[in-house]
Amino acid sequence: MTAQRIDGNALARVTREQVRAEVATLKARGLTPGLAVLLVGDDPASQVYVRHKVADSAEVGIHSLLERLPAHTTQAELLARIEQLNADRSIHGILVQLPLPKHIDAQRVIETIAPHKDVDGFHVANAGALAVGRPGFKPCTPYGCMKMLEHIGYSLRGKHAVVVGRSNIVGKPMAWMLLQASATVTVCHSATAQLATVVRQADVIVAATGIRNLITADMVAPGAVVIDVGMNRDDAGKLCGDVDFATVQYKAGWITPVPGGVGPMTRAMLLVNTLEAAQAAAT
Ligand code: NAD
């Protein structure tokens, strides 16, 4: 049996089309959604990410404002700029690209963004809302994973979902979303004993560790749904995930490829969040 692939590129394309249509409706009412992207310093990977975010925004009609700030920008300067954007009525979403230079406290920066403009969903107000099942912005990567599960018509109710990784941007919010969908959720991490034994019990596996080939075929129950969040490089420098795709694809029921899986959906969900921020401002 070969697993069915969940095509993140195709689903992201459809999602962008939906956003584009809704943006057009807002524009017809005189409101253009605006996204501010702040990049501090010149981290090469971050440069690529922000370029994508700006290009994706343009594609769906969202106005984006990319601000490149020098690496020596002080924390006070960055916070002051965020405060200005908080008050700017043409900007509905604010995103500060991480990682930030070491002299800046990233948590402090995130918490300076007004929660209703926090389209990354990293502010404690949004994290707390997610934890208690209240409306708020959801972090784009786990939100995209949920959309992929929804797309294949997978009912999470009563299923055992195992999340491998407990970061604030992926693992933890993923666990809350799966719990909200009535799955039984286990969260594994670097101190988990018997990882293979736990993962083998999963109906749904979400791998988000940054460790290439951590999830091997012997850890996957036949027919399981495997969502691979990892973004790693193999020996040839090619992008690969946390899942040993070559073998797991013959064991799983559904699997997301890397590239072409979670990555494009993460990008698409930022547009969804920005649209929602603008819609909320319009009401
Ligand atoms: P992180 O480094 O913050 O967290 C990694 C997590 O993995 C930690 O909670 C750690 O406990 C766990 N872990 C480490 N070793 C482990 C082991 N041997 N067994 C079990 N758990 C282990 O990383 P992150 O920001 O959550 O990102 C995880 C991966 O997802 C990275 O590869 C990152 O590049 C990727 N990522 C991809 C997207 C996307 O859009 N596709 C978005 C965000 C992150």
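We number each residue from 1, following the sequence as shown. We count ligands from 1, going down the list as the structure has it; atoms in each ligand are counted the same way. Here the structure is a predicted model, which means the values were calculated and not measured.
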Nitrogen or oxygen of M231 less than 3.5 angstrom from that of ligand 1
yes
Ligand 1 and D242, any nitrogen or oxygen pair closer than 3.5 angstrom?
no
Determine whether the side chain, the backbone, both or neither of [X] has a heavy atom under 4.0 Å from any heavy atom of ligand 1.
X	value
V170	side chain
N232	side chain
T266	side chain
T192	neither

[X] side-chain N/O to [Y] backbone N/O, donor-acceptor pair under 3.5 Å:
X	Y	answer
N273	K138	yes
S64	L35	no
R16	A268	no
H189	T209	no

Which of the listed options, [options], holds the heavy atom that is closest to [atom]?
atom	options	answer
atom 26 (O) of ligand 1	G165, S167, G144	S167
atom 13 (N) of ligand 1	G210, S190, A207	S190
atom 15 (N) of ligand 1	I211, T209, V187	I211

Is G230 close enough to touch ligand 1? Criterion: a residue heavy atom under 4.0 Å from a ligand atom.
yes
Testing L275, I62, T32 one by one against L26 for a side-chain contact (heavy atoms from CB on, under 4.5 Å), which residue passes?
L275
Hey, mind stepping through D235 and R212 against salt bridge (charged side-chain N to carboxylate O under 4.0 Å, His left out) and telling me if it holds?
CA-CA 10 Å; D235 293 337; R212 180 182 143 200; 3.1 Å; yes
Quick check: are there more than 12 heavy atoms from other residues, nucleotides or ligands sitting under 6.0 Å from CG of D42?
no
Which heavy atom of the protein is the closest neighbour of atom 9 (O) of ligand 1, given with residue, atom name and distance?
R166 N, 2.8 Å
Between M148 and W254, is there shared hydrophobic-cluster membership here, with clusters defined by ILVMFWY side-chain heavy atoms closer than 4.5 Å?
yes
Please could you name the atoms of ligand 1 that V164 approaches to less than 4.0 Å, counting only its heavy atoms?
20 (C), 21 (N)
